[in-house]
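Presented below is the structure to which this report refers.
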Amino acid sequence: MNVSRLYATLSVITLLLIWQFIATLLKIPELPPATTVFLQLKDAIGNGQLPYHLGMTLLRLIISFSLSMLIGIIIGIALGRHQVLDQLFDQWLLILLNIPALVTIILCYLWFGLTEVAAILAVVINKVPNVAVTIREGTRALDKNLLEMAQSYRFSHWKIYRFVIWPQLFPYLMAAARSGLALIWKIILVVELLGCSNGMGYQLHLFFQLFDVTSILAYTIAFIVVIQLIELLILKPLEVRANRWR
């Protein structure tokens, strides 16, 4: 274990100990001890409820995240490369960025019904503008000398994107992916709370009605662990591999 991971582990353990101490000291139902929450987490995993609802949320997250990144990258590159398009659609992005996520979710449910398509569409609409803006700024920052050199050597469009544009855009892509992952799962919980019959958001709403703070914290911990695993096992290795060219 390297030093940074050691410090991270100690930090988490310290937080759990502080939580346990304060909860034991106060002895109030609004703040159950960490040990109680982890026992509830174990029971929720054992009876199959948590894996099922977590799986449904992750499925929605994967679909909406993939669509958001794909559409946002295409739009961002197009706007960054073509000034006319950027001037035409800049206000569109500004408007979409400032529409509250809750409004978009409600409108999608009213327009398309309480369906999976409406749920995914609401998330995608909320995230695409953020990705597009980040990628657009990355495209604007591309080294024009490298582009001109590639064109002078008659690189194909694919080679230009693969060897010139993509490596320079990658830091912006990772920034969009990380911020997108943090934003999308929060939006998905609201989407599930308002119009789904399964998923983490649906369960959290149910626990809220029952005032079951222990289960709320248990499900929250489970989702945090999953998101951290995605970061460590997918995003980090992908970033390291893509930056080998440096």
Tyr172 side chain near Thr139 side chain, heavy-atom distance below 4.5 Å: no
Side-chain donor or acceptor of Gln203 paired with backbone N/O of Asn198 under 3.5 Å: no
Residue from Val128, Leu94, Leu97 passing side-chain contact (heavy atoms from CB on, under 4.5 Å) with Val133: Leu97
Transitive ILVMFWY side-chain link Ile28 to Phe21, under 4.5 Å: yes
Any donor-acceptor pair under 3.5 Å from Thr57 side chain to Met200 backbone: yes
Sub-4.5 Å side-chain heavy-atom contact between Leu169 and Ile77: yes
Phe207 and Tyr219 aromatic ring geometry - parallel, tilted or perpendicular at 30°/60° bounds: perpendicular
Side-chain donor/acceptor of Asn126 to backbone N/O of Ala122, under 3.5 Å: yes
Lys/Arg-Asp/Glu bridge criterion (N-O < 4.0 Å) met for Asp86, Arg81: no
Any residue meeting side chain to side chain donor-acceptor pair (under 3.5 Å) with Asn130, in chain and number order, not counting sequence neighbours: none
Short side-chain to backbone donor-acceptor contact, Thr220 and Ile216, under 3.5 Å: yes
Single-linkage hydrophobic cluster Leu114~Ile188, side-chain heavy atoms < 4.5 angstrom: yes
Heavy-atom side-chain contact between Trp185 and Leu58 under 4.5 Å: no
Heavy-atom closest contact (Ala132 atom, Ile75 atom, distance): CB-CG2, 3.9 Å
Modelled atom types, side-chain donor and acceptor of Ser215 and Gln40, under 3.5 Å: yes
Donor-acceptor contact below 3.5 Å, side chain Gln49 vs main chain Ala44: no
N/O donor-acceptor pair under 3.5 Å between Ser66 side chain and Ile63 backbone: no
Ring geometry between Phe89 and Trp92 (parallel below 30°, tilted from 30 to 60°, perpendicular above 60°): perpendicular
